[in-house]
Every structure is written in structure tokens, then in C-alpha cells.
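See below for the structure under consideration.
Predicted model only: the values in this text are computed from it and were never measured. Start at 1 and go down the list; that is how both ligands and their atoms are numbered.
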Amino acid sequence: MCGIVGYLGYREPKEILFKGLKRLEYRGYDSAGIALFQEGKIQVKRCLGKLSQLEEVIQEASYHSTPTQNTYIGIGHTRWATHGKPSEKNAHPHQAGPIVLVHNGIIENYALLREKLLSKGHILSSETDSEVVAYLIYDYFKKGLSFEEAVFLAIQELKGSYSLGILCEEEPTKLIAVRNGTPLVVGVGEKENFIASDIPALLEYTKRFMYLNDHEMVIFTPGHLQVKNIEGREIKKEINYINWTQEMVEKGGYQHFMLKEIHEQPQAIINTLQDRVSKDKHALYLKDLKLSEADIKNIRKIFLVACGTAFHASMVGKYLIEEMTRIPCELDLASEFRYRDPIIKKGDLLIITSQSGETADSLAALREAKKRGATVISICNVKGSSIDRESDSTIYTYAGPEIGVASTKAFMTQLTVFNLLAIHLGLTLKTLSLEKATPYVQDLVRLPYYVEEILKQEPNIKKIAQKFYRKKTFLYLGRGLSFPIALEGALKLKEISYINAEGYAAGEMKHGPIALVDDDTPVIILAPQDKYYEKVLSNLEEIKAREGIVIAIGSEGDTHLEKISDYFISIPKKSDNITPLLLTLPVQLIAYYIAVKKGTDVDQPRNLAKSVTVE
Ligand code: F6R
């Protein structure tokens with residue numbers, strides 16, 4: 001979590017750094033700061049709060065950078081607190097003598113290092129693990145080593161995860177960046193270079209990026225950059241061209257990124273389906289899936305592992321893949337899988353789903369499975385991310401950059417990919433007939449239009465949602481493929497409106513959660529006309545009998561459901577397997593409009609960060 005940016009080039013960097021941080025604010029927003037060279041001295045400005053506060057602090061004209069040998073340098077940071085509460089003194093950049101740095105990650109052995117530094121007489125002023133790194137570098141530098149040598153030796157002592165942007169007052173034309181375990185990209189420009197935690201921060205300035213691997217260090221000097229590995233050996237890196245545009249990372253007239261991203265879903269699905277379905281709808285092309293027919297036939301078991309919203313998508317994936325392939329699937333939270341000594345081996349397939357491709361637990365689960373000989377494929381939105389690079393193959397979701405902290409369009413495209421994958425595997429194994437697959441594929445191709453249809457009900461959904469913003473508890477119920485969407489609906493509401501919401505398998509309700517139901521509890525029931533329909537209706541009656549308020553999301557034309565519910569939202573009646581995608585849109589909009597009415601910070605909800613790069 002936390003976002004870092006850095007610049008070395010011919011332009012005054014205050015604005016570049018600030019704009020970069022704005023684009024990274026989704027990664028953390030409890031405090032922020034920047035550091036610039038001014039007349040050969042590093043000037044640090046930091047503050048508690050969001051970047052709007054930092055903007056006030058840095059806006060004075062006297063705070064600006066001056067060049068050394070025609071070169072400007074600066075670094076910036078937006079924080080999501082791990083060690084030490086949000087405060088100005090814990091905000092980055094941290095300074096130790098001539099060394100100034102920004103850090104994203106967690107230094108696990110910081111307490112030990114801190115003791116060692118204190119015993120040497122260093123006086124540390126923050127509670128963070130990051131300041132320890134600054135002092136460790138300074139401690140080496142003081143001994144007469146060069147800036148680069150000091151950084152190199154200091155990082156050998158660090159345990160944990162870190163991406164770092166580091167300056168040294170005594171070497172004012174050099175910026176050093178290091179990556180280990182948390183994301184860091186290098187933006188390559190003309191006579192200027194950049195670092196950032198994520199690509200959107202730099203899209204205004206370059207479309208050319210280098211992806212760093214763990215234990216790699218970049219040394220920026222005027223007009224030049226050099227990448228070295230942990231042994232200090234220079235390595236050549238490929239430059240990748242990114243086709244995301246600047247508009248993609250702006251709000252485009254919407255009040256929030258989340259709303260914009262909800263509206264982008266039809267296009268995101270089109271992009272994800274593009275070139276993957278044959279014209280006659282008889283074949284699917286998953287070119288990025290590097291599994292031959294023989295590989296697919298040899299799969300013994302499939303593990304689906306992810307966190308949060310991506311976990312809910314994986315649950316849909318499990319249901320679909322098992323149905324289409326009859327291969328047993330196991331579903332796991334990445335944070336559990338990585339530590340529970342999972343029984344996974346050669347011949348097993350692990351599917352890791354991740355929007356960012358940088359989630360620490362998912363990455364660790366991937367590594368654990370690889371170590372044990374399993375084949376790993378990922379479903380990922382960010383090309384070049386750690387999960388993408390470390391997987392045997394990646395099926396990309398083409399959601400485009402997702403900025404809102406609450407995941408929406410990434411989820412929808414993950415569900416799209418799971419449908420494609422399940423059909424592809426089923427057709428290959430012949431456990432799914434072409435006859436059965438064709439109408440299903442046809443529905444999949446028309447999905448963007450169905451989603452557009454549901455979007456037309458937005459004013460009605462908004463009206464319903466706004467009635468409930470004062471409620472304290474919500475229940476979301478669904479069965480079968482609707483169950484993961486009940487979980488997702490509850491998660492969306494919780495994270496952006498801070499209202500307690502429980503997602504449950506409708507059949508489980510009578511085993512406990514029904515005790516929550518009273519005349520003040522809205523219950524959102526997902527009741528499409530699928531094979532579970534009758535059962536869900538019985539659950540609905542049980543709620544009505546206890547005076548719960550029923551908001552039903554069901555198939556269009558279902559007048560019975562409409563009559564017995566207090567509120568009714570309809571979705572087109574299509575193949576059961578694409579129904580989860582159709583149910584998703586109303587639950588996203590309900591959460592969004594409740595949060596807006598409540599007045600919470602929808603795009604940057606409290607305590608959260610978009611990319612969870614720490615355990
Ligand atoms: C919720 C949300 C999170 C993420 C989770 C995994 O709206 O966004 O639950 O889904 O942190 O993130 P990725 O998909 O980047 O691995």
C-alpha cells in the first residue's frame with residue numbers, strides 16, 4: 001500500500017510529483033509528502049491528511065526545485081499507515097543526515113535494526129519502519145562510502161518488502177530506486193525518467209515502462225538509467241509500451257471513479273471478449289492461456305485462490321468450471337492458502353485472480369503452489385505486474401485502469417474470463433457439448449447489451465437505495481451462482497458505506513442469520529429464475545414472516561416475485577451462467593447510492609487501500 005513517485009530530468013518536478021501522487025492516492029491517503037532539491041539542499045514538506053492538505057502546504061511559490069547541472073530531482077509519497085499512526089512526523093519522506101527516502105512496504109526486522117542504530121547514537125524521530133532504512137543508509141554513507149554503495153549495503157540487511165525512492169544531498173544529480181516485494185515501475189522518457197508504484201501515475205508523461213523484479217535497483221543520473229541486481233551486476237531490461245490513455249485515469253465528468261467504472265462495464269466486457277470468440281460462436285480463443293489440449297486433459301484438480309472481490313469472482317469460477325469440466329475445484333482465500341500447507345502438487349492447476357497483480361497474499365500463494373510443482377495461471381488486469389510475470393500464463397481482463405478502491409469493472413471482467421475459461425476447458429475435455437455451449441456463448445457475447453439494459457434502471461435503483469442509508473444492518477442472500485454475488489454485494493456496501501452487511505447462502509439463513517431479521521433489516525434477495533428459484537422464494541417468505549424488508553433482484557417479467565417483495569429490480573432472463581454478471585450491477589449501484597447519500601468518501605473509504613501489497 002502507499003504510493004511513491006520520483007523524477008529526474010529537465011523539468012521542475014513539483015507538479016509532476018503532485019499529479020503522480022494524486023493518481024496514486026487510491027493506494028493510501030492518511031498523510032503525504034514530497035522532497036525537492038533547492039539550491040543544493042533537500043527540502044521536505046509533509047503533512048497529515050489527504051493530498052488536498054499537501055497541496056496547501058506545497059503551493060507557496062518559494063517552495064520549488066532548483067536544478068543542479070540542469071537536472072531537477074524529487075520524490076513523493078502518499079501513505080497508508082502500517083508502523084506508526086498517521087501523523088506529520090510519521091509521514092514520508094524520511095530524512096537521516098543527507099539521505100531522504102520514501103518507502104512502500106514493511107520492514108520486518110525494523111525493531112532490531114532500530115535498536116542497533118539507536119545504540120550507535122542515531123536519533124530517530126518517527127515510529128515508522130521506513131525511517132530506519134534512511135538511517136541505515138546514512139550509517140553506511142557516514143563511513144565514507146558512495147551513495148550507491150551505502151544503499152547497496154543497507155538493503156542487504158533488510159527483511160520484508162520495500163520499494164524505495166532515495167535521494168542524497170551530497171550527490172544531487174542521482175536518484176536511486178529499489179524494489180523488493182512491492183510494486184515499482186520505471187517510466188522511461190526523453191532525457192527524463194520516473195519511478196512510481198503504478199503506471200497511471202506517469203501516463204501523462206510517458207507510455208514506456210520497465211518492470212523491475214525483486215532485488216533490483218535502478219540508478220538514475222542525468223539522461224541515463226542503469227539497473228543492477230542484488231549482486232551489483234548491471235542487467236538489461238526490456239521497455240514495454242502501454243496503450244492506456246490519460247483519459248482512462250480521469251473521472252470524465254462522473255462524481256466518483258466508482259460510478260465511472262460501473263458505467264465502463266459494458267465496454268470492459270467487450271474488450272475482454274474481443275478476439276476470444278469465433279464469428280459463428282462455436283469456438284473460443286484463449287491465446288494467452290498456454291495450456292495444450294494434453295495439459296488440460298492431465299489436470300487432476302484445480303485450486304482457485306484470491307482475496308476480497310477477486311475471491312468472490314473465483315467462487316463463481318469454481319461453480320462454472322466444476323459444472324463444465326467435472327474437475328474438482330478447491331476454493332481458498334490467499335491468506336489462508338499460503339500458510340495452511342495446502343495439498344497441491346504437480347498435475348494440479350492453480351488459478352490466481354487479481355486485479356492489481358500485486359496483492360501480497362495472492363502472490364505468496366502463487367509462489368507456494370509453484371514451489372510444490374503446480375501449474376499456475378492467473379486472471380489479471382495489470383500486464384507486467386508481479387502475479388502476471390510469475391504465472392505460467394495469464395488470461396488478461398481488459399478492464400483498463402481501476403482507480404476506485406471498491407472493485408467493480410475488474411470483478412465483472414473476471415467473471416467474464418471465468419465464463420470463457422470454463423467453456424474452453426469444457427469444450428476441450430468434451431464434458432461440454434457444442435450444442436450446450438453455443439447458446440451460452442451467444443449470451444456471453446450479448447452480455448454488454450444486457451448490462452446496458454440494466455444501467456437504464458439506475459434512477460430507480462438510486463431511489464430504492466436512498467431510502468436505506470440510515471439502516472444499521474443489511475442481509476444479502478443468494479443460492480448457487482447468486483451466492484458469491486450476495487457476498488460481493490455485502491462487501492461493496494460494507495467497504496464504501498461502513499454499514500454492516502452480511503452475505504449468506506440463502507439456504508443457510510435458518511442456521512443463524514435469520515435472528516438478525518426484523519422490521520428494520522433490509523434483505524437483498526437475489527432470486528433469478530434459475531434452478532434454485534423455488535427454494536429462494538421459500539427463504540423470501542421466511543423473511544416476510546419476520547417482517548424483514550425485502551428488496552428482490554429477479555428476472556424481468558417475474559410478476560410474482562415483484563408482488564411479494566417490497567422493492568423489485570429486474571435483470572434480463574438469460575443463461576444461468578451469465579446471470580451472476582447481471583446481478584452484480586444492481587448490487588454495485590445499491591452500495592454506491594447508499595454511500596453517496598450517507599456522505600462517505602466513496603473512492604477512498606476509510607482504512608482501505610486499493611492495492612494490498614502487505615500481508
Ligand atoms: C474490494 C476490493 C478488494 C480486492 C482485494 C484483491 O472492492 O477491491 O477486496 O478485490 O484486495 O485485490 P486484487 O484483485 O488486486 O488482488
Parallel, tilted or perpendicular: rings of H263 and Y254 (30°, 60°): tilted
Polar atom proximity, K492 to ligand 1 (N or O, under 3.5 Å): yes
V405: numbered ligand 1 atoms lying under 4.0 Å from its heavy atoms: 7 (O), 8 (O)
Heavy-atom donor-acceptor pair, T521 side chain to F474 backbone, under 3.5 Å: no
Polar contact flag for S356 and ligand 1 (N/O pairs, less than 3.5 Å): yes
Atoms in ligand 1 with a heavy atom of E495 nearer than 4.0 Å: 1 (C), 7 (O)
Exercise: identify the closest heavy-atom pair between V316 and I485: CG2-CD1, 4.3 Å
Subset of ligand 1 atoms that lie under 4.0 Å from at least one heavy atom of Q355: 13 (P), 14 (O), 15 (O), 16 (O)
Polar proximity ligand 1 side, T359 side, N/O cut 3.5 Å exclusive: yes
Element-labelled atoms of ligand 1 that are located less than 4.0 Å from some non-hydrogen atom of A406: 7 (O)
Nearest heavy-atom neighbours spanning L333 and V305: C-CG1, 4.2 Å
Neighbour count >12 (heavy atoms, 6.0 Å) for atom NZ, K471: yes
Enumerated ligand 1 atoms positioned under 4.0 Å from heavy atoms of A310: 10 (O), 14 (O)
Heavy-atom closest contact (L286 atom, L421 atom, distance): CD1-CA, 3.9 Å
